[in-house]
Amino acid sequence: MNANKIPHRIYLTEDQMPKQWYNLRADMKEQPDPMLNPTTLQPATEEDLYPVFCRELAHQEMDATTRYVDIPEEVQDFYKMYRPSPLCRAYNLEKALGTPAKIYYKFEGNNTSGSHKLNSAVAQAYYAKKEGLSSLTTETGAGQWGTALSEACAFFGLPLTVFMVKVSCEQKPFRKAVIQTFGGNVIASPSNTTQAGRKILEDNPHTGGSLGCAISEAVEKAVSTPGCRYVLGSVLNQVLLHQSIIGLESKQAMELIEEYPDIIIGCAGGGSNLGGLISPFMQDKLTGKANPRIVAVEPASCPSLTRGRYAYDFCDTAKITPMARMYTLGSGFMPSPNHAGGLRYHGMSPILSKLYHDGYMEAVSVEQTRVFEAATLFAKQETILPAPESAHAIRTAIDEALKCKETGEAKTILFGLTGTGYFDMTAYSAFLEGRMNDYIPTEEDLKPGFESLPDIPQNHF
Ligand SMILES: *Cc1c(COP(=O)(O)O)cnc(C)c1O
C-alpha cells in the first residue's frame, strides 16, 4: 500500500475486535519461576491464592498453558463502550523530527480513567461480581488504576475501597474526586485503618507513602473483611492476559495497512501495558515468525529492569502476597519524592522479567526532564496531552526515530501511548517553569532496597 494513503487513525470495526485474550506463557520456551508461598517457600498453588484473589482470577494467574482465553460477553460489551482504541500514525511528529521512520502509536487514553488500566479493571470487577463477592479493595499510585477500577465497580455494582498513595492524594485532589464520583471510598496511604499502615507510620511518620505500602494496606483489608478481595492493576500474569487486547488490536490494525513493526516500545511500571502491547509480536518472536526489537522504557529514578536484581521478592511491603521471581529494586525501595507521575513500582512483571532475562527484549532508562521534553513536543505535534508515564515511550520512540534520521533507515516504530496527562499538570508546570530536576539513585541509594530482599536459597543462584 502506498505509505501516504495510510490514514491518520486506523480503527477496527466492532466485529473485528478480539473475542479472546492471548496468554503469552503458552508460547514461552521456559516459564517464569514459580510463585512461592511466603510461609512454606514452596511453589504456591491456585488454592493458596484464594484468600487474596477471586477464583477465576487465581486460575488465570496460574494458568500457563491455555493459549487463548475467551473474553466474557459482558466484558466484550463493556469494551465496546470505549474500544477499539485507535492505532495512530504520527505523521506530524515524523515531520517535526525530519525522520524517514514511520511512527505508529496505539492510543489507550480515550476513556475517563485516561489509561489502558480499564481493560483489566472491567475483567476483574466482572469476575468478582460473578463469584458473588461483596466488595473489592485496591491501591492506586498515580490514580489511573483507582479511577479505572471505580468505573468498573460502579458498572457492576460492587463497593470499592481505594488506598491512594498519600503524595498522589495531595498532588492530585481531582483524581480522588473522580474516584469518589464513581462511588469509590478513597483512603490516603499509609493510613491508621490497617496494621500495616500503622506500622509504617510508626517507623516513618512523614512518609509520602509508596505503591508497595498501599498494596499492603489493601491486601490486609481484603483478607480481614469477609467477601472482600484485593485486585491489582499491573505486574500480575492475569493483568497481562487482559491487556493483551492492546497488542491483538494493534497487530490486526497493522495487518489492515500491511505494516509490521521493526521496533516495539512501551513504558514499563509493573509491565502490564508493555506486556499487553507486545504479546502477539512476542508470540511471533518466540515461534520464529518475526524478529522485532522490543524495548521497555523505565524512569532513571526507578530502574527495576536496568539496575534491579533478578530475584524472588514480595510484591508488597507488608510481605503478605506470594513471592515472585522478577527484576526488582527490593520491596523496601522508595523512589525519590521528586520523581513525577507513576512508574514507581519496585518490581516488574515476572513474565516480562523472564523474557528480558532470556534476551527476548531490551530495556532503557530515561531521565524525567528528557521525558517531559518529549511529552511537550508530542503534544504540540499530535494534539494529545500524554501521561508522563506514556511519555517515557514517546521519548524512546523519538530517540529511535532520530537514529533512523542519521542512518537513513525507514524503520517502522510502534509504541504504546498508554494515557492522557490532564491530572499531571503539577509535574508539567514544574517542567515548564524549570523546577523539574533529574534524580538518578546512587548505588548507595539502592542498597536498602536490595537489603530488603528475602533471604531465600533461590536468591543465591
Ligand atoms: C499505570 C500506568 C502505566 C504503567 O503501568 P504498567 O503496568 O507498566 O503498564 C503507564 N501508563 C499509564 C497511563 C498508566 O496509567
Side-chain angles (χ1 to χ4, degrees), residues 85 105-121 124 138-151 162 164-165 168 172 175 178-179 211 214-215 231-247 264-279 294-299 302-305 315 326-328 335 339-353 356 361 363 365-366 371 374-375 378 384-396 415-424 427:
S85 73
Y105 56 93
K106 179 74 165 162
F107 180 44
E108 291 291 320
N110 266 340
N111 68 77
T112 298
S113 79
S115 81
H116 64 287
K117 293 208 172 62
L118 194 55
N119 301 333
S120 183
Q124 297 194 46
T138 196
E139 86 297 334
T140 198
Q144 289 95 326
W145 171 243
T147 313
L149 192 65
S150 65
E151 284 186 70
V162 179
M164 186 166 182
V165 177
S168 298
K172 302 181 178 186
R175 241 318 156 206
V178 176
I179 299 173
L211 207 47
I215 293 175
V231 291
L232 179 53
S234 184
V235 191
L236 301 173
N237 303 333
Q238 56 188 273
V239 181
L240 263 73
L241 176 75
H242 307 146
Q243 295 296 357
S244 67
I245 186 101
I246 304 173
I264 305 155
I265 299 165
C267 62
S272 75
N273 86 83
L274 178 67
L277 174 69
I278 68 173
S279 59
I294 293 175
V295 187
V297 191
E298 56 186 15
C302 191
S304 37
L305 284 171
C315 299
M326 58 185 173
Y327 276 84
T328 178
H339 166 73
L343 308 182
R344 44 175 65 239
Y345 184 66
H346 65 275
M348 182 59 59
S349 144
I351 295 176
L352 293 187
S353 292
Y356 175 65
M361 54 184 252
S365 71
V366 289
V371 167
F378 182 85
I384 294 174
L385 184 76
E389 294 90 336
S390 322
H392 287 71
I394 299 174
R395 175 73 263 169
T396 299
F415 74 88
L417 187 70
T418 50
T420 47
Y422 305 119
F423 291 104
D424 298 284

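Quick note: numbers below take in every heavy atom, side chains included, and nothing from hydrogens, waters or symmetry partners. Numbering of ligands and ligand atoms starts at 1, following listing order. Just so it is clear, the structure is predicted and the values come from calculations on it, not from any experiment.
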>> Please compare Ala148, Ser272, Gly419, Gly141 and report which has the shortest non-hydrogen distance to atom 6 (P) of ligand 1.
In response: Ser272

>> I'd like to know if Glu108 contacts ligand 1, where contact means a heavy-atom distance under 4.0 Å to any ligand atom.
In response: no

>> Below 3.5 Å, N or O to N or O, backbone or side chain included: is there any such pair between Lys117 and ligand 1?
In response: yes

> Any idea which protein heavy atom is nearest atom 10 (C) of ligand 1, and the distance to it?
Replying inline: Glu389 CB, 3.4 Å

> So which heavy atom in the protein is nearest atom 7 (O) of ligand 1, and how far is it from that ligand atom?
Replying inline: Ser234 OG, 2.4 Å

> At what distance is the nearest protein heavy atom to atom 11 (N) of ligand 1, and which residue and atom is it?
Replying inline: Thr418 OG1, 2.7 Å

>> Side chain or backbone, does Ala387 bring an N or O within less than 3.5 Å of an N or O on ligand 1?
In response: no

>> Checking a contact table here: which protein heavy atom is nearest atom 4 (C) of ligand 1, and how many Å away?
In response: Leu343 CD2, 3.5 Å

>> Can you confirm whether the side chains of Ser85 and Glu108 place a donor and an acceptor under 3.5 Å from each other?
In response: yes

> Does an N or O from Gly271, backbone or side chain, lie closer than 3.5 Å to an N or O of ligand 1?
Replying inline: yes

> Would Cys267 count as a contact of ligand 1 if the rule is a heavy atom under 4.0 Å away?
Replying inline: yes

>> If you measure every N or O of Gly269 against every N or O of ligand 1, does any of those distances drop under 3.5 Å?
In response: yes

> Just checking, is any N or O donor in the side chain of Thr147 or Ser113 under 3.5 Å from an acceptor N or O on the other one?
Replying inline: no

>> Exactly one of Val235, Val239, Leu352 should register a side-chain contact (heavy atoms from CB on, under 4.5 Å) with Ser272. Which one does?
In response: Val239

> Any chance the side chains of Glu389 and Asn273 put a donor and an acceptor closer than 3.5 Å?
Replying inline: no

> Taking only residues two or more places apart in sequence, or in another chain, which ones meet Glu139 in a salt bridge (Lys or Arg N to Asp or Glu O under 4.0 Å)?
Replying inline: none

> How long is the gap from CD1 on Ile351 to CE on Met326, to the nearest 0.5 Å?
Replying inline: 13.0 Å

> In Å and rounded to the nearest 0.5 Å, what is the NE2 to CD1 distance from His116 to Ile245?
Replying inline: 13.5 Å

